[in-house]
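As structure tokens, the structure follows; a few thoughts come after it.
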Amino acid sequence: MPCYLNNMTVTVSDIDRHNLLFRLGHLTRRWRRVLDRQINAAGLTDATWRPLLHLHLLGNGVRQKDLAASMGLRGSSLVRLLDNLMEKGLVQRTQSPADRRAKLVRLTPHGEVAVYHIYHQVQQLEADLLSPFDEAETSFLAELVQRLERSVNDVRQRDDQ
């Protein structure tokens, strides 16, 4: 089966137990590129939409370090992104009343509107990509992904100890 990597066509074997996670990782990167292109066409950059979407999913008033962890970033990298989002009026950062060292991040009303547009783009793209699958197949795939996520989390926690 042909697969496209950086404008090169390479032949990839069928998916099996030995290459499944590699292929899922590759699929995730390709999905991200498609999504980035779609959202960029709507005027939002990766540095804009990802933190906004993560913040929305985590809930307003999330600690800055939790947002960084959710995005897989170091705190210092997130600070630059948040500074940019604050300049655009999309987020606000406040000091935590419970811990003066912690910063809380919230979406502004303008940020909420941006998240609405991001969600619309994501939902439309997901509907297109999942259209070949019926409800039972989609539910089964969701169940498998949840089980795989739990397995990855179990291994990660074991390795962290």
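Numbering starts at 1 and runs along the sequence shown. In what follows, every heavy atom counts, from backbone to side chain, and hydrogens, waters and symmetry copies are set aside.
Looking only at side-chain heavy atoms (C-beta outward), I15 and N19 come within less than 4.5 Å of each other. Within the 4.5 Å cutoff, no side-chain heavy atoms of H110 are placed close to those of K88. When side chains are defined from C-beta on, P51 does not count as touching V91, because their heavy atoms never get closer than 4.5 Å. R23 places none of its side-chain heavy atoms less than 4.5 Å from the side chain of L20. Taking the side chain as every heavy atom from C-beta outward, L129 and E126 never approach each other to under 4.5 Å. Looking at heavy atoms from C-beta onward, V145 lies in side-chain contact with E149 at the 4.5 angstrom threshold. Contact annotation: the side chain of T48 approaches that of T45 to within less than 4.5 Å [non-hydrogen atoms, C-beta and beyond]. Under the 4.5 Å side-chain criterion, counting only non-hydrogen atoms from C-beta, D159 is not in contact with R156.
Within the model, atoms CZ of R50 and OG of S70 stand 8.5 Å from one another, a figure rounded to the nearest 0.5 Å. Here the straight-line distance linking atom CD1 of I39 with atom NE2 of H117 works out to 12.0 Å at 0.5 Å rounding.
Salt bridge status for R63 with D99: absent, with no side-chain N to carboxylate O gap under 4.0 Å.
A donor-acceptor pair shorter than 3.5 Å cannot be found between the side chains of N40 and W49.
Of the possible donor and acceptor atoms, one in the side chain of T108 sits under 3.5 Å from a partner among the backbone N and O of L90. Of the possible polar contacts, one joining the S139 side chain to the E135 backbone as a donor-acceptor pair under 3.5 Å is found. Judged by distance alone, the side chain of Q123 and the main-chain N or O of H120 form no donor-acceptor pair under 3.5 Å. Panel note: side chain Q95, backbone R100; a donor-acceptor pair is recorded below 3.5 Å. Of the possible donor and acceptor atoms, none in the side chain of S77 sits under 3.5 Å from a partner among the backbone N and O of L73.
Taken together through direct or relayed side-chain contacts under 4.5 Å among Ile, Leu, Val, Met, Phe, Trp and Tyr, L57 and L35 form part of one hydrophobic cluster. Y119 and L107 fall within the same hydrophobic cluster, defined by Ile, Leu, Val, Met, Phe, Trp and Tyr side-chain heavy atoms under 4.5 Å apart, directly or through other members. A chain of hydrophobic side-chain contacts below 4.5 Å, direct or via other Ile, Leu, Val, Met, Phe, Trp or Tyr residues, connects I118 to M71. Side-chain heavy atoms closer than 4.5 Å link hydrophobic residues (I, L, V, M, F, W, Y) into clusters, and following such links, even through other members, never connects L104 to L58. Linking ILVMFWY side-chain heavy atoms closer than 4.5 Å, directly or via other members, places L24 and F140 in two distinct hydrophobic clusters.
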Begin from the C-alpha positions of M86 and R93 and carry the test side-chain contact (heavy atoms from CB on, under 4.5 Å) through to its verdict. CA-CA 8 Å; M86 286 177 62; R93 200 171 16 197; 3.2 Å; yes

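Smallest separation of non-hydrogen atoms from R106 and N60: CA-OD1, 3.2 Å. A68 approaches L78 most closely through the heavy-atom pair N-CD2, 3.5 Å.
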